[in-house]
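Right, one structure below, let's go through it.
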Amino acid sequence: MTKTVLYIILLTMNIGFCQSRNYAGQPYAEPDLLIWKTDTIQIQTFPLYSLSEFDQKNLFENKEIKPECWGCLKNYTAEWKIINRKLYLSNIYSFNYKKDSIKTDLNKLFPDKIKNNLILADWFSGNLFVPKGEHIWMSQSPGFPIYQSEWKLTFEKGILEKEDFKTGNYYKSIYTENSKNLIDFIDNNLDSETRNKIKNKRISIVFKTGKSKNDYSVSIKGIDDENLEKKLISTLKTLPEFDYYYRHGEELTQFFSIPFIDNRPLIKTKE
């Protein structure tokens, strides 16, 4: 009868996370404002972009307005109102309005459309996404928030045609919340022979999020043994869950790149 003795030695394992965005949306911009159902809400969909003659350089009568944040493209904040299921433009403020008190003269910008200081946004057909609830920040600063829930408001020539509400828009798994959980999973689910084969190898594990917390993919860099690579990927694909992100009507693809080095001595067995 044989007895296998596993010599457990203090683990020295370096593991880190980085994330990147793969999203074909607009660059980050300061939000517009939407007044809807007695609330004033920040939104990051911009109906003025759909106006064919729109040019933000002409908003403030040749006054030079420059955004004061890294990566920001908009020099204004538009204010919108939904009244009787119609979308109206009610104000356009300079990016620095709190400092310079400059805003657009809507009478000059829309002389043929303004009524009671409101402009019906009849040029806009599309979706406005109205965030609700808790949020997290993704990507690099200033990044963009992903909210737990959001309304999708569908407009046709400025008239609200449909309202859809979706919740559960992001999920943070225990494996990205705390890297130790992933280390423990690998240790508990990878057999000793395979673990010995990856000792001291500089491996990069890349997770790609999908359409739910159970839909993710894994790739490995740094292993030249195809069978070993498949074995490690097969093990990582048995994670019970991973991260999930959804924003503005579509799932967001997030990549988590994990450098992995196991510096422990080889696992030895004795008869």
Side-chain angles (χ1 to χ4, degrees), residues 4-25 134-141 143-148 166-269:
T4 301
V5 180
L6 179 65
Y7 291 90
I8 301 176
I9 304 193
L10 182 65
L11 175 65
T12 304
M13 187 179 293
N14 303 316
I15 185 168
F17 289 92
C18 69
Q19 54 191 347
S20 62
R21 178 175 57 157
N22 182 22
Y23 177 58
E134 299 294 324
H135 71 273
I136 58 173
W137 288 91
M138 300 300 293
S139 193
Q140 298 179 351
S141 179
F144 58 90
I146 300 176
Y147 285 83
Q148 181 64 30
K166 185 181 182 304
T167 192
N169 291 348
Y170 66 82
Y171 180 80
K172 290 288 290 182
S173 72
I174 62 172
Y175 306 106
T176 53
E177 289 282 9
N178 186 341
S179 60
K180 184 179 182 299
N181 292 313
L182 185 60
I183 294 171
D184 290 343
F185 181 87
I186 292 173
D187 246 12
N188 294 333
N189 291 276
L190 204 61
D191 61 86
S192 300
E193 180 182 358
T194 304
R195 284 163 59 193
N196 279 338
K197 289 181 179 179
I198 63 173
K199 294 295 179 185
N200 299 314
K201 291 183 179 293
R202 295 184 177 274
I203 300 170
S204 179
I205 304 172
V206 180
F207 286 93
K208 178 183 176 182
T209 61
K211 295 182 178 180
S212 73
K213 66 181 182 180
N214 303 117
D215 177 35
Y216 66 92
S217 59
V218 186
S219 59
I220 304 290
K221 297 180 180 179
I223 296 180
D224 53 9
D225 184 325
E226 185 177 349
N227 291 330
L228 181 58
E229 179 181 349
K230 288 181 179 179
K231 186 76 173 287
L232 184 53
I233 288 176
S234 177
T235 298
L236 291 168
K237 281 186 174 179
T238 63
L239 285 172
E241 62 185 26
F242 201 69
D243 287 31
Y244 165 72
Y245 304 97
Y246 179 96
R247 181 178 183 266
H248 287 190
E250 62 182 351
E251 286 82 15
L252 298 180
T253 299
Q254 295 286 324
F255 292 89
F256 292 83
S257 181
I258 307 165
F260 177 96
I261 306 174
D262 186 352
N263 294 325
R264 294 172 299 178
L266 295 176
I267 299 171
K268 297 180 181 179
T269 59

- Are K208 and T253 close enough that some pair of their side-chain heavy atoms sits under 4.5 Å apart? yes

- Note on the structure: CG of N188 to OG1 of T235, rounded to nearest 0.5 Å, is 11.5 Å

- Backbone N/O of P145 and side chain of R247: donor-acceptor pair under 3.5 Å: yes

- Note on the structure: Here the gap from L232 atom CG to L190 atom CG, rounded to the nearest 0.5 Å, amounts to 6.0 Å

- Residues in side-chain hydrogen bond (donor to acceptor under 3.5 Å, both in side chains) contact with Y216, at least two apart in sequence or another chain: none

- Task: Apply side-chain hydrogen bond (donor to acceptor under 3.5 Å, both in side chains) to S173 and list each qualifying residue two or more places apart in sequence or on a separate chain.
- Result: D243

- Message: Please give me the minimum heavy-atom distance between E177 and K172, naming the atom from each residue.
- Response: OE2-CB, 3.2 Å

- Can you run down the side chain to side chain donor-acceptor pair (under 3.5 Å) pairs that involve residues 222-234, sequence neighbours left out, and say none if there aren't any? D191-K231, T194-K231, E226-K230

- Message: With heavy-atom distances below 4.5 Å as the criterion, would you say the side chains of I220 and I205 are in contact?
- Response: yes

- Message: Can you confirm whether L182 sits close enough to F207 that some side-chain heavy atom of one is under 4.5 Å from a side-chain heavy atom of the other?
- Response: yes

- Between atom OG1 of T238 and atom CD1 of I233, what is the distance when rounded to the nearest 0.5 Å? 12.5 Å

- Message: Would you say the rings of F256 and F242 are close, in the sense that their centroids are separated by under 6.0 Å?
- Response: yes

- Item | Pairwise side-chain contact, Y244 with D215, heavy-atom cut-off 4.5 Å (strictly under) | no

- Message: Could you tell me if the side chain of Y170 sits less than 4.5 Å from the side chain of L252, heavy atoms only?
- Response: no

- Task: Could you tell me which residues satisfy salt bridge (Lys or Arg N to Asp or Glu O under 4.0 Å) with K237, sequence neighbours excluded, listed by chain and number?
- Result: none

- Query: Could you state the interatomic distance from OH (Y246) to OG (S212), rounded to the nearest 0.5 Å?
  - Reply: 13.5 Å

- Interatomic spacing from NZ in K213 to CG in L239 - rounded to 0.5 Å: 13.0 Å

- State which residues pass salt bridge (Lys or Arg N to Asp or Glu O under 4.0 Å) with E134; sequence neighbours excluded, sorted by chain then number. none

- Query: With sequence neighbours excluded, what pairs up with S219 under the side chain to side chain contact (heavy atoms under 4.5 Å, CB included) test?
  - Reply: V206

- Task: Compare all side-chain heavy atoms of I203 with those of I223 and state whether any distance is below 4.5 angstrom.
- Result: yes

- Message: Between N189 (side chain only) and F185 (backbone N and O only), is there a donor and an acceptor less than 3.5 Å apart?
- Response: yes

- Roughly how far, to the nearest 0.5 Å, is OG of S192 from CG of D187? 9.5 Å

- Do the non-hydrogen side-chain atoms of Y175 and P240 ever get within less than 4.5 Å of each other? yes

